[in-house]
Visitor: 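Below: one structure in structure tokens.
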2 protein chains.
Amino acid sequence: MSRDKLQKQETLDCLLKSLHKYGMRTVLFQQNMAQKMGVVHTDLKTAEILNETGPITAGELSRITGLSSGSVTALIDRLEKTGYVMREKDEEDRRKVVITPIQKRQKQIKAHFESLAEATKEACLTYTEEELVVILGFVEKVIRIMDHENEKLMAEREENN
Amino acid sequence: MSRDKLQKQETLDCLLKSLHKYGMRTVLFQQNMAQKMGVVHTDLKTAEILNETGPITAGELSRITGLSSGSVTALIDRLEKTGYVMREKDEEDRRKVVITPIQKRQKQIKAHFESLAEATKEACLTYTEEELVVILGFVEKVIRIMDHENEKLMAEREENN
DNA sequence: ATGATTATCTTGATAATCGAGATAAAACCA
DNA sequence: TGGTTTTATCTCGATTATCAAGATAATCAT
């Protein structure tokens, strides 16, 4: 391999390791944040999912979180009691229960992430717009990869049932 | 604000949102992976922590994971029984218990992340070395930010005890 | 030395999760 | 249409991760 290629290879290895480290910190952060908010890890995770997906059914939530249907029922009970979500019967298919996130609470959650967001924004200021575009493109790429990997894992899980 | 600045601002907002989305997927991935490996979320998280820190005491583990000392005892019991770690008395301070990860198991864990690592590596090939360096620098920067935020959250937690 | 502190473990209680069965709505189909 | 099957959620009893408080044992400080 040429010297340049070797160099690139090394950068790449380093990047993979760093992404892994970043992932671990993200998991810890989420755990810490849930604790600070006085909810279980699962509940914050669910609120975050709903924040991105918008209203979804209990079944979809079960698939995404990997929880049993019984656990999802309990989970929704908790979130409903604490005002994070609303249960609604799906008018199209009345077996289904649609879980709708409640805006007010979503904003409260977002507020908890403000410090992290600010610090990150601050760090971005040192970059040129071109660099930011490269970084953004990369993040979007790894998001798609993650989606694919998660999809695979969810499918595997369903096979074993 | 100038037109260029506006553009940059927009990219930045987009990046922040994407990072948040990436974070959620990371949490889900870790959860899915733990399930696939047949361990609880906490156990995989702990193994990952140990993989990065190397041997640490039960107390440090308690601080990092946010678990009570009792839970950490149970956690280590589980990990020891399944061969992920070893308990050793610290020779310097014999109250302490040092938790040492077991290499063989760590490799098995790493193997589970192989698919993700490969896909990510693949995605990186489209970038020049210069771009990779920029991305790597960014990831390292957000790692430091995460460390700082986590440190803050852990400190807060300790105050309330 | 002795009292205070620190690190981990033990124990009983709580609550999140599971798994299997119940219920009810929708889809299928003869 | 009526009856069977499938699907979506819920219920309930059992399991287990977690907590909180107290026990134990080693270290530190005076």
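Values below: every heavy atom of this structure, side chains too, minus hydrogens, waters and symmetry copies. Fair warning: this is a prediction, and the values are worked out from it, not measured in the lab. Proteins come first, then strands; the chains are lettered A, B, ... in the order of their sequence lines, and each starts at number 1.
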Visitor: Please find out if less than 6.0 Å separates the ring center of Phe29(A) from that of Phe113(A).
Guide: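 That pair passes the under 6.0 Å test.
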Visitor: Between dT5(C) atom P and Lys96(B) atom NZ, what is the distance in whole Å?
Guide: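 After rounding, the gap between these two atoms is 18 Å.
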Visitor: Relative to each other, are the rings of Tyr22(B) and Tyr22(A) parallel, tilted or perpendicular (30° and 60° limits)?
Guide: parallel
Visitor: Please tabulate the protein-to-nucleotide N/O contacts below 3.5 Å involving nucleotides 26-30 of chain D, giving atom names and distances.
Guide:
unit_1  : atom_1 : unit_2   : atom_2 : d
dT27(D) : OP1    : Arg94(B) : N      : 3.0

Visitor: For dC10(D), does either OP1 or OP2 sit under 4.0 Å from a side-chain N or O belonging to Arg87(A)?
Guide: yes
Visitor: Check the orientation of His41(A) and His41(B). Use parallel for under 30°, tilted for 30 to 60°, and perpendicular for over 60°.
Guide: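 Ring orientation of His41(A) relative to His41(B): parallel.
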Visitor: Using whole Å, report how far CD of Glu60(B) lies from P of dT6(C).
Guide: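 Between P of dT6(C) and CD of Glu60(B): 16 Å.
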Visitor: Let me check something: any side-chain donor-acceptor pairs from residues 96-105 of chain A under 3.5 Å, sequence neighbours excluded? List them with distances.
Guide:
unit_1    : atom_1 : unit_2    : atom_2 : d
Thr100(A) : OG1    : Glu88(A)  : OE1    : 3.0
Arg105(A) : NE     : Thr82(A)  : O      : 3.0
Arg105(A) : NH1    : Gln108(A) : OE1    : 3.0
Arg105(A) : NH2    : Thr82(A)  : O      : 2.6

Visitor: Looking across every strand, which nucleic acid part, if any, lies under 4.0 Å from Ser62(A) by heavy atom: base, sugar-phosphate, or nothing?
Guide: nothing
Visitor: Between Glu122(A) and Lys141(B) (salt bridge meaning N to carboxylate O under 4.0 Å), is one present in this structure?
Guide: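 No, Glu122(A) and Lys141(B) are not salt-bridged.
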Visitor: Taking atom P of dC19(D) as reference, at what distance in whole Å does atom CZ of Arg157(B) sit?
Guide: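 Those two atoms, CZ and P, are 10 Å apart.
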Visitor: To the nearest angstrom, how far is Lys89(A) atom NZ from dA24(C) atom C1'?
Guide: 8 Å
Visitor: Given dA7(C), dC18(C), dT9(D), identify the nucleotide with an atom nearest to the side chain of Ala58(A).
Guide: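 Minimum distance to the Ala58(A) side chain belongs to dT9(D).
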Visitor: In whole angstrom, give the distance that lies between atom NZ of Lys45(A) and atom C1' of dA16(C).
Guide: 12 Å
Visitor: Between Leu79(A) (CG) and dA16(C) (P), how many Å, whole number?
Guide: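 Atom CG in Leu79(A) sits about 11 Å away from atom P in dA16(C).
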Visitor: Has Thr57(A) got a side-chain N or O lying under 4.0 Å from the OP1 or OP2 atom of dA8(D)?
Guide: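 Answer is no, no contact under 4.0 Å.
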Visitor: Which heavy atom of Val72(B) sits nearest a heavy atom of Ala58(B), and at what distance?
Guide: CG1-O, 3.7 Å
Visitor: Rounded to the nearest angstrom, tell me the gap between atom CD1 in Ile56(A) and atom C1' in dA8(D).
Guide: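 Checked: the CD1 to C1' distance equals 14 Å.
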Visitor: Tell me whether His112(A) at atom NE2 has more than 12 heavy atoms from other residues, nucleotides or ligands lying less than 6.0 Å away.
Guide: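 Counting other residues, nucleotides and ligands, NE2 of His112(A) exceeds 12 neighbours.
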Visitor: Please state how far atom CG in Leu67(B) lies from atom P in dC9(C), giving the value in whole angstrom units.
Guide: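 Going from Leu67(B) (CG) to dC9(C) (P), I get 14 Å.
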Visitor: By nearest atom, which of the nucleotides dT9(D), dA16(C), dA17(D) is closest to the Arg78(A) side chain?
Guide: dA16(C)
Visitor: Quick one: closest heavy-atom pair of Gln30(A) and Glu48(A), and the distance?
Guide: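 Distance-wise, the nearest heavy atoms are NE2-CG, 4.1 Å.
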Visitor: What are the residues of residues 68-76 of chain A, sorted by number, that bring a heavy atom to within less than 4.0 Å of DNA chain D?
Guide: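 Result for residues 68-76 of chain A: Ser69(A), Gly70(A), Thr73(A), sorted by number.
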Visitor: Is Arg63(B) touching bases, backbone alone, or none of the nucleic acid, heavy atoms closer than 4.0 Å?
Guide: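 The residue Arg63(B) makes no contact with any strand.
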Visitor: For the CD atom on Glu158(A), are there more than 12 heavy atoms of other groups (residues, nucleotides or ligands in this structure) within a distance under 6.0 Å?
Guide: yes
